[in-house]
Amino acid sequence: MVPLSWYVLLSAALFTIGVVGVLSRRNVFIILMSIELMLNAANINLIAFSHYLQNLTGQIFVIFVITVAAAEAAVALALIILLARNRGTVYVDEFNLLKG
Amino acid sequence: MINKLIFAYFAAVIIVSAVLVITRRNPVHSVMFMLLLFFHIAGVFVLLNAEFLAAVQLIVYAGAILILFLFVVILLSVEREAQAARANRFWPWLAGFGVIIAGEIALLVLRGSFPGEGRLAVKVAGAGVKELGVELYTKYLVPFEIASVILLVGLVGAVMLAKKKTDNR
């Protein structure tokens with residue numbers, strides 16, 4: 001049997017990789033994908049605890065997280081298309097319209 | 001023992017492909033490594049007796065969200081990608097902070113213990129699709145309906161944002 005702490009460690013590592021990706025990459029696609037990585041880390045955690053506590057609530061929440069992730073990806077990709085059309089770039093440090 | 005080996009394989013592939021996702025220069029390669037990652041995460045879900053969610057993971061994440069990403073990446077040209085810098089100028093510090101944060105979490109997890117862990121000796125029946133559906137449609141019916149509204153907002157919002165503005169409205 002795999003100990004619960006292994007799943008938590010895997011999820012923590014995945015979440016940290018996602019955080020570093022969001023903060024350090026310039027390409028807005030990679031940033032969105034890093035957000036998906038973090039959501040997946042949370043999903044692993046939820047399902048692991050749901051299994052070890054023998055409680056289905058964690059799995060229900062994973063369904064909702066996947067729903068929100070799908071809606072978020074659709075809206076965010078529409079925003080990226082809009083940004084790329086208006087500004088001609090997909091690099092976040094070139095979106096400096098609000099910079100004083 | 002065999003479970004631990006399978007978990008080690010899944011975890012190793014997940015971590016390696018996650019690192020590759022955030023380090024590749026070409027976004028299309030990143031999407032492909034993301035696909036590999038989602039398949040192995042579905043494997044972890046199967047290992048945790050969540051077969052339905054493993055299927056949902058493959059259908060929704062790998063089948064829908066990732067294809068959407070791929071389409072948009074291909075739609076917007078990536079010819080500048082070969083010369084442009086991948087990361088902003090702070091990335092060595094950020095990677096170092098990431099390692100520190102992960103190490104702190106690992107230290108906390110390894111030094112503590114989870115109270116629920118002993119309970120697993122008794123295998124409780126009933127974590128299948130049927131129980132999940134009953135739970136979802138009775139206890140969590142209102143959140144389920146709200147989730148459908150969120151999906152509608154995503155649908156309408158994506159179409160409204162991405163469509164071209166026309167003069168004759």
Side-chain angles (χ1 to χ4, degrees), chain A residues 1-10 12-14 16-21 23-27 29-30 32-34 36-37 40 43-44 47-54 56-57 59-60 62-64 66-75 77-82 84 89-91 93, chain B residues 3-4 7 11 14-15 18-19 21-22 27 30 34 41 44-45 47-50 53 56 60-61 64-65 68-69 72-73 76 84-88 90-91 94-95 98 101-102 105-106 109-110 114 116-117 119-120 124 127 131-132 135-136 140 143 147 150-151 153-155 157-158 161-162:
Chain A
M1 211 61 218
V2 187
L4 174 58
S5 54
W6 290 22
Y7 290 103
V8 179
L9 289 178
L10 169 67
L14 197 56
T16 316
I17 292 171
V19 170
V20 173
L23 292 178
S24 66
R25 284 298 298 249
R26 294 175 68 230
N27 194 322
F29 289 113
I30 312 289
L32 261 183
M33 272 190 263
S34 304
E36 303 288 336
L37 282 186
N40 270 290
N43 283 353
I44 291 177
I47 293 189
F49 277 102
S50 144
H51 180 234
Y52 279 84
L53 299 174
Q54 293 294 335
L56 274 179
T57 310
Q59 296 199 18
I60 304 281
V62 171
I63 293 177
F64 293 134
I66 290 176
T67 311
V68 170
E72 172 245 329
V75 174
L77 287 170
L79 282 174
I80 290 175
I81 291 178
L82 209 60
T89 176
V90 290
Y91 297 110
D93 47 7
Chain B
N3 271 10
K4 284 185 178 171
F7 175 82
I14 285 172
I15 298 297
V19 170
V21 164
I22 66 163
S30 285
M34 199 78 177
I41 285 179
V44 170
F45 287 179
L47 212 56
L48 285 167
N49 288 337
L53 286 171
V56 167
V60 175
Y61 264 118
I65 296 181
L68 201 62
F69 267 101
V72 178
V73 169
L76 303 175
R86 268 176 281 187
N88 57 27
F90 304 111
W91 75 266
L94 291 168
I101 292 168
I105 297 174
V109 170
L110 290 176
F114 294 102
E117 219 159 355
R119 233 188 291 180
L120 201 69
V124 180
E131 286 77 16
L132 199 62
E135 189 96 340
L136 188 60
Y140 294 96
I150 288 176
L151 282 177
V153 169
L155 188 73
L161 285 173

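Residue numbers start from 1 in every chain, and the chains themselves are labelled A, B, ... in the order their sequence lines are given, proteins ahead of strands.
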From CA spacing to verdict: side-chain contact (heavy atoms from CB on, under 4.5 Å), B:L110, A:L9: CA-CA 9 Å; B:L110 290 176; A:L9 289 178; 4.0 Å; yes

Interatomic spacing from CG in A:N43 to CZ in B:F45 - rounded to 0.5 Å: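 Those atoms lie 5.0 Å apart.
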
Quick check on [X] against chain B: is it the side chain, the backbone, both or neither that has a heavy atom closer than 4.5 Å?
| X | value |
| --- | --- |
| A:V8 | side chain |
| A:I17 | both |
| A:L37 | both |
| A:T67 | both |
| A:T16 | side chain |

[X] to [Y] - nearest heavy-atom pair and separation:
| X | Y | answer |
| --- | --- | --- |
| B:G154 | A:A74 | O-CB, 4.4 Å |
| B:A95 | A:V20 | CA-CG1, 4.1 Å |
| A:M33 | B:M34 | O-CE, 3.3 Å |
| A:Q59 | B:N49 | NE2-O, 4.1 Å |
| A:R25 | B:I22 | NH1-O, 2.9 Å |
| B:A50 | A:I47 | CB-CG2, 3.8 Å |

Geometric class of the A:Y7/B:F7 ring pair [parallel <30°, tilted 30-60°, perpendicular >60°]: perpendicular

Under 4.5 Å, counting heavy-atom pairs only, tell me which of [options] racks up the most with chain B.
| options | result |
| --- | --- |
| A:V68, A:V75, A:D93 | A:V75 |
| A:L82, A:L77, A:I30 | A:L77 |
| A:A48, A:A13, A:S34 | A:A48 |

Qualifying residues under ring-ring contact (aromatic ring centres under 6.0 Å, His included), relative to B:Y61, sequence neighbours excluded: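 Partners of B:Y61 by the ring-ring contact (aromatic ring centres under 6.0 Å, His included) criterion, ordered by chain and then number, come out as B:F38.
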
Does the side chain of [X] reach to within under 4.5 Å of the side chain of [Y], using non-hydrogen atoms?
| X | Y | result |
| --- | --- | --- |
| B:I150 | A:F64 | no |
| A:F29 | B:S30 | no |
| A:L14 | B:I41 | yes |
| B:L76 | A:I80 | yes |

Residue B:V19 versus chain A: region with a heavy atom under 4.5 Å: both

Segment of B:A11 engaging chain A (4.5 angstrom heavy-atom cut-off): both

Check against side-chain contact (heavy atoms from CB on, under 4.5 Å), A:N40 and B:I14: CA-CA 11 Å; A:N40 270 290; B:I14 285 172; over 6 Å; no

When only pairs under 4.5 Å are counted, which of [options] shares the most heavy-atom pairs with chain A?
| options | value |
| --- | --- |
| B:I105, B:L161, B:N3 | B:L161 |
| B:L53, B:V21, B:V109 | B:L53 |
| B:L155, B:I101, B:I15 | B:I15 |

Audit row: A:I63, B:L132, side-chain contact (heavy atoms from CB on, under 4.5 Å) steps and yes/no: CA-CA 10 Å; A:I63 293 177; B:L132 199 62; 4.2 Å; yes

